[in-house]
Engineer: 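Once you've had a glance at the structure underneath, I'll fire off some questions.
The model shown is predicted, which means the values in this text are computed figures rather than measured ones. The residues of the chain are indexed from 1 along the displayed sequence. Whatever order the structure lists ligands and atoms in, that order sets their numbers, starting from 1. All values below were derived from every heavy atom in this structure, side-chain atoms included, with hydrogens, water molecules and symmetry-related copies excluded.
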Amino acid sequence: MKQTSQVGIIGAGPAGLLLAHMLHLEGIASVVLEQRSRADIEATIKAGVLEHPTAELLKQLGVGERMQREGYLHRGIELSFGGKRHRLDLEDLTDGKAITVYPQHEVIKDLVAAVLANGTRIEFGVDAVRLAALESDQPVIHYQRDGAAQELYCDFIAGCDGFHGPSRQAIPQALRQEHAKVYPSGWFGILCEAPPSSDELIYAQSDRGFVLVSTRSPTVQRLYFQCDPQDSVDNWSDDRIWAEFQQRLANQDGWQLKKGPIFQKGIIAMRSFICETMQYGRLFLAGDSAHIVPPTGAKGLNLAAGDVVLLSRALHSHYRRNQQDALDAYSATAIQRVWRGEHFSWWMTNMLHDFEGEDSITRRFRRSQLDYVVKSRPGAQSLAENYVGLPFDAWIN
Ligand SMILES: Cc1cc2nc3c(=O)[nH]c(=O)nc-3n(C[C@H](O)[C@H](O)[C@H](O)COP(=O)(O)OP(=O)(O)OC[C@H]3O[C@@H](n4cnc5c(N)ncnc54)[C@H](O)[C@@H]3O)c2cc1C
């Protein structure tokens, strides 16, 4: 069946849904194609830290009401190393900014509800998505739904289909410059039923490796420890997991991790990846389809939001003012903020993780960097400014 839309969006992750909602508010029609079911995307547990600009954006767009009610404003974070905890007062270091802890799947629920309520179509469970005629005035997305072939003709295609989606692959390889780094460690993540162990997130460095003490709600906690990415969750009994956390979080002030029944375990790999370019013909990439960060800096979803802000503005200029400049400059503009987030994520990862086979000088450099961050206000400010998120507009020349 042949259909048309101004913008065809592939992927109903944070990038695709946010874009659909922003385009609607600007009077631009879109259709979202998603391979998974609504129940599946609304239940996939991923990110949890929203930067200040992302949280403000959700509020401005009218989809921040539940986040404000149920999310947690964190005005600081703790760095733990050498047996001591050190608080960084984000609010003080950044002229009043903070982060919001609100799970990504709750953001997804809010966005799906808003997008459907404003009449934009999301087709769930689509299959065999293929992009064509990207250099023409009317690109097309071929796909299948319930076994029947479908075609969506549009003015523009937004590739918001994550790292493994087909959009990036539709850009000829010769035009893609891909930068990639795979880290020799992964994160072992658990969800457990327990009260929070701390009012704020704890980033802990130890000789046994990194730990992140995060939270989801007053009764559910999210904890990670650095692990071998090839390890299996089957090797880790609950007792062994708690013992590992305890050893890595041992400190001199008597603080104790609160334990509880573990109901989810998983291992995630860590990589840095950037695709230059983020556009080809009438295809524009946004979010994880163009770039991946290791999770240490909590930047993935937030970088996706930054891309979408630029892309929706560029499409607005095209449709409302008949101006192409912003669309033409989309990749060159967006990639500047992406590189900043990528560098920060790499820097946080290296400062907080010990990697196997490292020499003693690298370990001492890490400790010196941590000391500098907690003892020097400019050092702390640099971390805080990046962590709470640089303004979306800071990177528009
Ligand atoms: C454990 C973990 C913790 C994280 N913590 C944080 C954090 O605290 N803060 C933060 O900012 N980021 C964090 N991230 C990263 C963040 O989750 C991602 O960067 C974010 O999901 C990117 O959004 P996206 O919309 O670009 O891509 P995705 O969320 O990957 O969405 C892409 C969508 O496209 C769909 N799709 C794929 N292929 C196709 C196809 N062929 N046809 C149709 N649809 C398709 C997928 O099903 C998916 O729904 C974390 C990630 C993980 C795994």
Engineer: Which option out of His105, Gln35, Arg36 puts a heavy atom nearest to atom 38 (N) of ligand 1?
Structural biologist: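 Looking at heavy atoms only, the winner is Gln35.
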Engineer: When you measure from atom 4 (C) of ligand 1 to every protein heavy atom, which one gives the shortest distance, and what is it?
Structural biologist: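 Scanning the protein heavy atoms, the shortest distance from atom 4 (C) of ligand 1 goes to Ala47 CA, 3.5 Å.
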Engineer: Ligand 1 versus Leu33, non-hydrogen atoms closer than 4.0 Å: side chain, backbone, both, neither?
Structural biologist: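 Backbone only; the side chain of Leu33 stays clear of ligand 1.
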Engineer: Among protein heavy atoms, which lies nearest atom 15 (C) of ligand 1, and at what distance?
Structural biologist: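 Result for atom 15 (C) of ligand 1: Gly300 CA, 3.9 Å.
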Engineer: Quick test of your reading of the structure: of Met270, Arg130, Glu34, whose heavy atom lies closest to atom 46 (C) of ligand 1?
Structural biologist: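 Looking at heavy atoms only, the winner is Glu34.
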Engineer: For a 4.5 angstrom cut-off between non-hydrogen side-chain atoms, does Cys154 reach Val7?
Structural biologist: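 No. Closest side-chain heavy atoms not under 4.5 Å.
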Engineer: Counting only nitrogen or oxygen atoms and a 3.5 angstrom limit, does Pro14 reach ligand 1?
Structural biologist: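 Yes - when backbone and side-chain N and O of Pro14 are compared with those of ligand 1, one distance drops under 3.5 Å.
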Engineer: Begin with the C-alpha distance, continue with both residues' side-chain angles, and end with the deciding distance and a verdict on side-chain contact (heavy atoms from CB on, under 4.5 Å) for Lys299 and Glu342.
Structural biologist: CA-CA 8 Å; Lys299 286 282 166 268; Glu342 289 278 354; over 6 Å; no
Engineer: Numbering the atoms of ligand 1 from 1, which are under 4.0 Å from a heavy atom of Val129?
Structural biologist: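 Answer, ordered by atom number: 42 (N).
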Engineer: Just which atoms of ligand 1 are under 4.0 Å from any heavy atom in Pro166?
Structural biologist: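 It comes down to these atoms of ligand 1: 40 (C), 41 (N).
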Engineer: How about Tyr183 and His353: are their ring centroids closer than 6.0 Å?
Structural biologist: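 Between Tyr183 and His353, the centre distance exceeds or equals 6.0 Å.
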Engineer: Which of these, Ala298, Gly11, Pro294, Cys160, has its nearest heavy atom closest to atom 32 (C) of ligand 1?
Structural biologist: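 Shortest heavy-atom distance from atom 32 (C) of ligand 1: Cys160.
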Engineer: Could you label the plane-to-plane angle of the Trp339 and His179 rings as parallel, tilted or perpendicular, counting under 30° as parallel and over 60° as perpendicular?
Structural biologist: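 Rings of Trp339 and His179: perpendicular, over 60°.
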Engineer: For the residue pair His86 and Phe81, does the interplanar ring angle fall in the parallel (under 30°), tilted (30 to 60°) or perpendicular (over 60°) class?
Structural biologist: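 Ring orientation, 0 to 90° scale: parallel.
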Engineer: Using a 4.0 Å cutoff against the non-hydrogen atoms of Gly13, which atoms of ligand 1 qualify?
Structural biologist: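 Heavy-atom distances to Gly13 below 4.0 Å select 25 (O), 31 (O), 33 (C), 49 (O).
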Engineer: Would Arg168 and Phe163 count as a cation-pi pair here, with the cationic atom under 6.0 angstrom from the ring centre and within 45° of the axis?
Structural biologist: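 Verdict for Phe163: a cation-pi partner in Arg168.
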Engineer: Tell me, yes or no, whether the heavy-atom count around Arg176 atom CZ, taken from other residues, nucleotides or ligands under 6.0 Å, exceeds 12.
Structural biologist: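 Counting other residues, nucleotides and ligands, CZ of Arg176 exceeds 12 neighbours.
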Engineer: Would you check whether Gly16 has a nitrogen or oxygen atom less than 3.5 angstrom from a nitrogen or oxygen atom of ligand 1?
Structural biologist: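 Not met; the criterion fails.
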Engineer: Specify the closest pair of heavy atoms between Cys192 and Leu223, including all atoms of both residues, with the distance to one decimal.
Structural biologist: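 The pair with the smallest heavy-atom distance is SG-CD1, 4.5 Å.
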Engineer: Please lay out, stage by stage, how Glu26 and Arg320 fare under the test salt bridge (charged side-chain N to carboxylate O under 4.0 Å, His left out).
Structural biologist: CA-CA 9 Å; Glu26 285 153 9; Arg320 298 287 160 259; over 6 Å; no
Engineer: Is there any N or O on Ala15 that sits under 3.5 Å from an N or O of ligand 1?
Structural biologist: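 Yes, at least one N or O pair falls under 3.5 Å.
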Engineer: Do Leu301 and Met348 sit in the same hydrophobic cluster, where Ile, Leu, Val, Met, Phe, Trp and Tyr count as joined when their side-chain heavy atoms come under 4.5 Å apart?
Structural biologist: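 Looking at the clustering, Met348 is in a separate group from Leu301.
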Engineer: Among Asp40, Leu301, Val308, which one puts a heavy atom closest to atom 12 (N) of ligand 1?
Structural biologist: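 Result: the heavy atom closest to atom 12 (N) of ligand 1 is in Leu301.
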Engineer: Which class fits the ring pair His24 and His21: parallel under 30°, tilted 30 to 60°, perpendicular over 60°?
Structural biologist: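 Because their plane-to-plane angle is under 30°, the rings of His24 and His21 count as parallel.
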Engineer: Number the atoms of ligand 1 from 1 as they appear, then name those within less than 4.0 Å of a heavy atom of Gly165, with their elements.
Structural biologist: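 Close to Gly165: 38 (N).
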Engineer: Is there a polar contact between ligand 1 and Gly287, counting only N or O atoms under 3.5 Å apart?
Structural biologist: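 No, Gly287 has no N/O under 3.5 Å of an N/O on ligand 1.
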Engineer: Got an N/O contact under 3.5 Å between Asp288 and ligand 1?
Structural biologist: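 Asp288 vs ligand 1: N/O contact under 3.5 Å present.
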Engineer: Would you mind running through ligand 1 and noting each atom that sits below 4.0 Å from a heavy atom of Ile268?
Structural biologist: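 Heavy-atom distances to Ile268 below 4.0 Å select 1 (C).
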Engineer: Is it the case that ligand 1 has an N or O less than 3.5 angstrom from some N or O of Gln104?
Structural biologist: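 Yes; the residue has a nitrogen or oxygen that sits under 3.5 Å from a nitrogen or oxygen of the ligand.
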Engineer: In the protein, which heavy atom is nearest to atom 51 (C) of ligand 1, and how far is it?
Structural biologist: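 For this ligand atom, the closest protein heavy atom is Lys46 CB, 4.2 Å.
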Engineer: Quick one, Asp92 with Arg377, criterion salt bridge (charged side-chain N to carboxylate O under 4.0 Å, His left out). Give me CA distance, side-chain angles, the key distance, then yes/no.
Structural biologist: CA-CA 10 Å; Asp92 172 54; Arg377 186 169 172 89; 2.9 Å; yes
Engineer: Which heavy atom of Arg337 sits nearest a heavy atom of Pro53, and at what distance?
Structural biologist: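 Nearest pair, atom of Arg337 first, then Pro53: NH2-CG, 4.4 Å.
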Engineer: By number and element, which atoms of ligand 1 are closer than 4.0 Å to a non-hydrogen atom of Gly48?
Structural biologist: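 Ligand 1 atoms under the 4.0 Å threshold to Gly48: 7 (C), 8 (O).
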Engineer: Give the atom numbers and elements of ligand 1 that come within less than 4.0 Å of a heavy atom of Gly162.
Structural biologist: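 Listed by number with element: 27 (O), 30 (O), 32 (C).
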Engineer: For atom 37 (C) of ligand 1, tell me which residue out of Ile99, Val107, Asp161, Thr296 has the closest non-hydrogen atom.
Structural biologist: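 Minimum heavy-atom distance to atom 37 (C) of ligand 1 goes to Asp161.
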Engineer: I'd like to check which ligand 1 atoms, numbered from 1 as shown, lie under 4.0 Å from a non-hydrogen atom of Tyr224.
Structural biologist: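 The list of qualifying atoms is 1 (C), 3 (C).
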Engineer: Using a cut-off of 6.0 Å, state whether more than 12 heavy atoms not belonging to Ile361 lie near its atom CD1.
Structural biologist: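 It does not: Ile361 CD1 has 12 such atoms or fewer within range.
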